[in-house]
Amino acid sequence: KEGLKHPQKSIFELNYEILKSLGRGEHGEVFKVVDRRDRQIYAVKQLKGNADQFRAEIVKISRISNLVSSTNIIKYNYTFFENNTWNIIMEYCKMNLREKFNLWKRKKVKIEKINLLRLIKHVAKGLHKLHKNGISHLDLKPENILIAKIRGKEKYKIGDMGHAQFTEFFSSGTRFNRTKNPSAFINNSVISNEKLFLNLVIEETHEDGELNLLKENKSQELDTGGFL
């Protein structure tokens, strides 16, 4: 009919097609998408709210992305705001470590020590890059370790920088004396997060506890940061 107007497509709709939801959080949802221009697969985290509501988080993620480049950290491509939604376009991975643990349990897979060490090495390399640039992740847990397949081999990557903070404690080439800067330590959990994560990984993959190196503090709520 004459005069019939079709609603104008958003920038997101013009450039991306949603394939499926990957998960929902407190403030938004993550989707698997395909770029209509080059057919590449990405993940997009959408945060609903006004432009200022998540601006600090967006600025922080952009700063981290500019500072840190590592194959063991999820790559953030770019962000844009429209229709009361922040869109964070990032590298896509098929699975996270929690899902991998559950798969191993269902299939009763015995984890070889070499594979466990590869996982720990990849996470440690990612943490080293963050710490070298003065960044503490603050939310290291299996759900935030993503798994990509590169040339037939699994690559573990640290993701979700929403809780990350810049801190004076970490500094490239500098060894800090804890007693000189007690304000850098809010409580013991600040310096044990990565150790707790390591303990959890070992417990999840070795039921007999043979490789349980850190028996204390068997927590799965790893919501603070520290160092390894």
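We're numbering straight along the sequence, starting at 1.
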*Arg36 CZ to Asp38 CG distance, which is reported to the nearest 0.5 Å*: 12.5 Å
_Under 4.5 Å side-chain linkage, directly or through intermediates, the cluster mates of Tyr16_ = Ile11, Phe12, Ile18, Phe31, Val33, Tyr42, Val44, Tyr78, Phe80, Ile89
*asked:* On a heavy-atom basis, which atom in Ser10 and which in Asn83 lie closest, and how many Å separate them?
replied: CB-ND2, 3.5 Å
_If we ignore hydrogens and angles and just use 3.5 Å, is the side chain of His27 paired with the main-chain N or O of Gln46 as donor and acceptor?_
no
_Ile147 vs Lys100, side chain to side chain contact (heavy atoms under 4.5 Å, CB included): CA-CA, chis, key distance, verdict_ = CA-CA 9 Å; Ile147 307 170; Lys100 189 73 170 178; 3.7 Å; yes
*Are any side-chain N or O atoms of Asn50 and backbone N or O atoms of Asp52, one a donor and one an acceptor, separated by less than 3.5 Å?*
yes
_Please find the pair of heavy atoms, one from Asn115 and one from Ile111, that lie closest to each other, and give the distance._
CB-CG2, 4.3 Å
*Hphob cluster co-occupancy, Ile74 + Tyr92, side-chain heavy atoms under 4.5 angstrom*: no
_Gap between atom CG of Asn87 and atom CG of Asn77 - 0.5 Å precision_ = 13.0 Å
_Please give me the minimum heavy-atom distance between Val68 and Ile73, naming the atom from each residue._
CG1-CD1, 3.3 Å
*Which value, rounded to the nearest 0.5 Å, describes the distance between Leu119 atom CG and Ile114 atom CD1?*
12.0 Å
*His137 side chain vs His131 backbone, donor-acceptor pair below 3.5 Å*: no
*asked:* Rounded to the nearest 0.5 Å, what separates atom CG in Leu103 from atom NZ in Lys105?
replied: 12.0 Å
*Exam field: side chain Trp86 to backbone Ile58, donor-acceptor pair closer than 3.5 Å*: no
*How long is the gap from CD on Glu112 to NZ on Lys110, to the nearest 0.5 Å?*
7.0 Å
*Report the C-alpha separation of Leu19 and Val34 in whole Å, then their side-chain angles, then the decisive distance to 0.1 Å, and conclude whether the side chain to side chain contact (heavy atoms under 4.5 Å, CB included) test is met.*
CA-CA 7 Å; Leu19 300 179; Val34 59; 4.0 Å; yes
*What distance separates Arg55 CZ from Thr79 OG1, expressed to the nearest 0.5 Å?*
10.0 Å
*Look at the side-chain heavy atoms of Ile, Leu, Val, Met, Phe, Trp and Tyr, link any pair under 4.5 Å apart, and say whether Val30 and Leu47 land in one connected group.*
no
_Joint cluster assignment, Met161 & Leu67, ILVMFWY side-chain distance < 4.5 Å_ = yes
*Side chain of Asn144, backbone of Asp139: donor and acceptor closer than 3.5 Å?*
yes
*Could you walk me through whether Glu154 and Arg118 pass salt bridge (charged side-chain N to carboxylate O under 4.0 Å, His left out), step by step?*
CA-CA 9 Å; Glu154 288 184 337; Arg118 182 186 296 115; over 6 Å; no
*Answer yes if Leu22 and Met95 sit in the same cluster of Ile, Leu, Val, Met, Phe, Trp and Tyr residues linked by side chain heavy atoms under 4.5 Å apart, and no otherwise.*
no
*Sort and list the pairs that fulfil side-chain hydrogen bond (donor to acceptor under 3.5 Å, both in side chains) and have at least one residue in residues 60-71, not counting sequence neighbours.*
none
*Before accepting this row, confirm whether a basic side-chain N of the pair Lys157/Glu91 lies closer than 4.0 Å to the acidic partner's carboxylate O.*
yes
*Taking all non-hydrogen atoms of both residues, which atom of Ala164 and which atom of Ile64 are closest, and how far apart?*
CB-CD1, 3.9 Å
*Could you walk me through whether Arg39 and Asp35 pass side chain to side chain contact (heavy atoms under 4.5 Å, CB included), step by step?*
CA-CA 5 Å; Arg39 308 309 296 172; Asp35 191 316; over 6 Å; no
_Main-chain N/O of Gly162 paired with Asp160 side-chain donor or acceptor, under 3.5 Å_ = yes
*State yes or no: do Ile120 and Val109 share one hydrophobic cluster built from I, L, V, M, F, W and Y residues joined by side-chain heavy-atom distances below 4.5 Å, directly or via other members?*
yes
*Taking the side chain as every heavy atom from C-beta outward, state whether Lys155 and Lys149 have any pair of such atoms under 4.5 Å apart.*
no
*For Lys32, does the NZ atom sit with more than 12 other heavy atoms under 6.0 Å from it, leaving out its own atoms?*
yes
_Glu57 side-chain N/O to Phe54 backbone N/O, donor-acceptor pair under 3.5 Å_ = no
*Hey, is CZ on Arg24 packed in by over 12 heavy atoms from elsewhere, all under 6.0 Å?*
no
*Apply the test side chain to side chain contact (heavy atoms under 4.5 Å, CB included) to residues Leu127 and Ile158: give CA-CA distance (whole Å), side-chain angles for both, the deciding distance (0.1 Å), then the verdict.*
CA-CA 8 Å; Leu127 286 172; Ile158 299 173; 3.9 Å; yes
